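Beneath this line is the structure, given in structure tokens, with notes to follow.
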Amino acid sequence: MTELTPCPCGRADARGQGLAFDACCGRYLDHDTPAPDAESLMRSRYSAFVLGRTDHLSASWHPSTRHADLDLEPGVKWLGLEVKRHRVIDADHAEVEFVARSRTGGRGHRLHETSRFVREGGRWFYLDGDLK
Ligand SMILES: [Zn+2]
């Protein structure tokens with residue numbers, strides 16, 4: 001990925017311009033920078049799905065709920081992410097509601113989930129989620 005590759009998560013800056021991967025989720029995937037909030041972590045996990053980065057999916061998943069075998073479904077093309085709501089519950093708990101669109105073998109799929117996140121030792125982790 002080059003510096004100017006748009007971030008898969010689609011986050012835009014204040015002027016509505018899509019952020020580059022290096023200025024967005026790349027900081028959390030390629031460097032050991034902790035995501036500053038649950039939404040940023042959630043976005044970086046979406047980007048990790050797009051890029052097939054199971055290392056990041058695993059590292060950002062809380063050990064109590066993490067799947068031991070993290071296999072990405074082959075042939076999924078991720079089309080876009082829309083973050084609908086970022087609810088801060090307290091300093092160490094937050095929820096993010098999102099819609100992620102994908103396509104598998106010509107069939108469109110829409111994943112609508114409210115994910116729960118916890119912060120431990122200064123790092124946010126994905127805990128679990130409810131499908132809508
Ligand atoms: Zn991003």
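Computed from a predicted model, the values in this text were never measured in an experiment. Basis for what follows: all heavy atoms, side chains included, without hydrogens, waters or symmetry-related copies. Both counts, for ligands and for their atoms, begin at 1 and track the order of listing.
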*Candidate list Asp92, Asp37, Asp90, test side-chain hydrogen bond (donor to acceptor under 3.5 Å, both in side chains), partner Arg119, passing option*: Asp92
*Hey, does Val99 have a side-chain heavy atom less than 4.5 Å from the side chain of Lys84?*
yes
*Please work out whether the ring planes of Tyr126 and Trp61 are parallel, tilted or perpendicular, with thresholds of 30° and 60°.*
perpendicular
*When the ring centroid of Phe117 is compared with that of Trp124, is the distance short of 6.0 Å?*
no
*Over 12 foreign heavy atoms within 6.0 Å of CZ, Arg107*: no
*Taking the six-membered ring for Trp, are Tyr46 and Trp78 parallel (under 30°), tilted (30 to 60°) or perpendicular (over 60°)?*
perpendicular
*Under 2.8 Å from the Zn ion (ligand 1), protein N/O/S atom count?*
4
